[in-house]
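A short worksheet on the structure shown next.
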There are 2 protein chains.
Amino acid sequence: MRNQAAILAATRGMLSINPDATMAQIAQAAGVGRVTLYGHFSSRAELIDAALADVLHRGNRVLEQLDLDGDPREALGRLVVSSWKLVDESRSLLAAAQRELPEGRIRDLHRDLEGRVQRLLERGQHEGLFRADLPVDWLLATMHALMHGAANEIAAGRLEPEDAGPMLRATLLAAYALPGDA
Amino acid sequence: MRNQAAILAATRGMLSINPDATMAQIAQAAGVGRVTLYGHFSSRAELIDAALADVLHRGNRVLEQLDLDGDPREALGRLVVSSWKLVDESRSLLAAAQRELPEGRIRDLHRDLEGRVQRLLERGQHEGLFRADLPVDWLLATMHALMHGAANEIAAGRLEPEDAGPMLRATLLAAYALPGDA
DNA sequence: ACTAACTCATACATTCCTGTTCGAGTAAAG
DNA sequence: CTTTACTCGAACAGGAATGTATGAGTTAGT
């Protein structure tokens, strides 16, 4: 089992470049024989599942060290900037997972991570600092969509990676602001 | 050539359900033999290119009948609501095109459609009604991303199709508003 | 030195999709 | 009626990817 970590890292890396990456390509990137790869994960789906779970677990550990108290707007700013790179690195892995994994599986794996954001949004709504005329689910979806969009812009060369964080923060705070706000 | 329209419609329909739909599946959906399909489009890429061009051409004709004068915010509202269904119907076709078509091709086909939105955003910025602290490219990307996100939410059953238009309008107008606006 | 776990490359069977070829059927237009 | 355009199914070759089997090499622990 001493190659597990290398395999998961390679899976992350390869699928981030190309969601259709082959088992052979992943094995090569991990510095491992293709057969050995099947020794660890007996199918492509199982590999992708494990890689996604790994990425989300790492993300969760980063975010749980984050202080989300105080003004929800400032907390959201911190959350967005911290989440951004995680999303960027794993966006293509997620695309692969959407094609390979059964229906609800992705949502299940995301639950912890998503709950963290959801609670912050709900708190902001209750404190009257985030708009409440739109459902929390939609606000969540907005955040997801914008992060994906930013990653696409970077991939297309129309956005510099270091600009994405601040732009996301500025856009999301405006989108979440109360309809008639100063 | 009397099946061209049926083929393009079937391509749209099939790829909207599954971006990996086979030539055989598309042919069957079009009520046409697989060989006949190749008679019209000599490769999968050519078919997808034609289907995308067709969809964008239709979209362009819808949008060019739209009045984009007056208050940019109201004009944007109209534009968003009108664009929304077009995007929803063709989102999966676009995903297929991203995998099958050469790099800049999609952007080329989008140019007319995108220019229309871009001009409106620029006018809004110059008139001081849209925020100018973020580049127009980013505002455009925001709109694209949110529409894709809405389509995903619908596909996942977490959003009703008839709610998407108003939510998109509300979210985008807030995101585009001046940072310190009433 | 011996064993157990882990690794490797090569090769194979299977499956699926693409794109092409063939020979023949149909339907409208002259 | 005959030509022309369009259609069809069946079958074939090629490539690519998945998953399996085999036999042998390497490393670590005892």
Side-chain angles (χ1 to χ4, degrees), chain A residues 1-55 90 92-103 105-106, chain B residues 1-55 92-103 105-106 109:
Chain A
M1 297 285 179
R2 67 176 180 271
N3 284 335
Q4 281 269 18
I7 290 176
L8 289 181
T11 304
R12 226 182 308 140
M14 280 291 104
L15 292 185
S16 291
I17 297 171
N18 170 24
D20 292 321
T22 296
M23 292 293 267
Q25 292 174 314
I26 293 172
Q28 189 181 10
V32 142
R34 201 171 67 92
V35 184
T36 304
L37 182 54
Y38 276 103
H40 287 280
F41 304 95
S42 57
S43 80
R44 180 186 174 77
E46 196 175 312
L47 172 61
I48 291 179
D49 189 293
L52 183 61
D54 178 55
V55 157
S90 56
S92 205
L93 170 61
L94 213 151
Q98 270 169 341
R99 280 185 253 163
E100 220 88 17
L101 265 43
E103 186 59 28
R105 183 65 181 147
I106 295 177
Chain B
M1 296 284 179
R2 67 177 181 271
N3 285 335
Q4 281 270 18
I7 290 177
L8 289 181
T11 305
R12 226 182 309 140
M14 281 291 104
L15 293 185
S16 291
I17 297 171
N18 170 23
D20 292 321
T22 298
M23 292 294 266
Q25 292 174 315
I26 294 172
Q28 189 182 10
V32 142
R34 202 171 65 94
V35 184
T36 304
L37 182 53
Y38 277 102
H40 288 280
F41 304 96
S42 58
S43 79
R44 179 185 176 77
E46 195 175 313
L47 172 62
I48 290 179
D49 190 292
L52 183 61
D54 178 55
V55 157
S92 204
L93 170 62
L94 213 151
Q98 271 169 341
R99 280 185 252 163
E100 220 88 14
L101 265 42
E103 187 59 27
R105 182 67 181 147
I106 295 178
L109 290 172

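Keep in mind that the numbers below use all heavy atoms, side chains included, and drop hydrogens, waters and symmetry copies.
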*Would you please test Arg12(A) and Asp54(A) for side chain to side chain contact (heavy atoms under 4.5 Å, CB included) and show each step?*
CA-CA 9 Å; Arg12(A) 226 182 308 140; Asp54(A) 178 55; 3.7 Å; yes

*asked:* So if I take residues 14-25 of chain A and measure heavy-atom distances to DNA chain D, which residues fall below 4.0 Å?
replied: Thr22(A), Met23(A)

*Validation row: Leu47(B), Met23(B) side chains within 4.5 angstrom (heavy atoms)*: yes

*Round to a whole Å and report the spacing from CD of Glu100(A) to C1' of dT18(D).*
11 Å

*Nearest-angstrom distance from the residue atom CG of Leu37(A) to C1' of dT18(D)*: 12 Å

_So, OP1 or OP2 of dT7(D): does either fall under 4.0 Å of a side-chain N or O from His40(B)?_
yes

*Answer yes or no: are there more than 12 heavy-atom neighbours, outside Glu100(B) itself, under 6.0 Å from its atom CD?*
yes

_Stepwise side chain to side chain contact (heavy atoms under 4.5 Å, CB included) check, Phe41(A) with Ile7(A)_ = CA-CA 10 Å; Phe41(A) 304 95; Ile7(A) 290 176; 3.7 Å; yes

*Could you check how far CD1 of Ile7(B) sits from C1' of dC8(D), rounded to whole Å?*
13 Å

*asked:* Could you tell me how far apart Arg34(B) (CZ) and dT20(C) (C1') are, to the nearest whole angstrom?
replied: 9 Å

*Please check if the side chain of Ser43(B) supplies one atom and the backbone of Glu46(B) the other of a donor-acceptor pair under 3.5 Å.*
yes

*asked:* Please check this pair: side chain of Ser92(A) against backbone of Leu15(A), looking for a donor-acceptor N/O pair closer than 3.5 Å.
replied: yes

*Starting from C1' on dG19(D), measure out to CZ on Arg44(A) and report it in whole angstrom.*
13 Å

*asked:* If you only use heavy atoms from C-beta on, which nucleotide in dT21(C), dT7(C), dA21(D) is closest to the side chain of Val35(B)?
replied: dT21(C)

_Separation of dC17(C) P from Gln28(B) CD (nearest whole Å)_ = 13 Å

*Is there side-chain contact between Asp20(B) and Arg99(B), with at least one heavy-atom pair below 4.5 Å?*
yes

*To the nearest Å, give me how far apart CD (Glu46(B)) and P (dT18(C)) are.*
15 Å

*Could you check how far CZ of Phe41(A) sits from P of dT7(C), rounded to whole Å?*
11 Å

*Kindly point out which of dA11(D), dC8(C), dT20(D) is positioned nearest to the side chain of Thr36(A)?*
dC8(C)

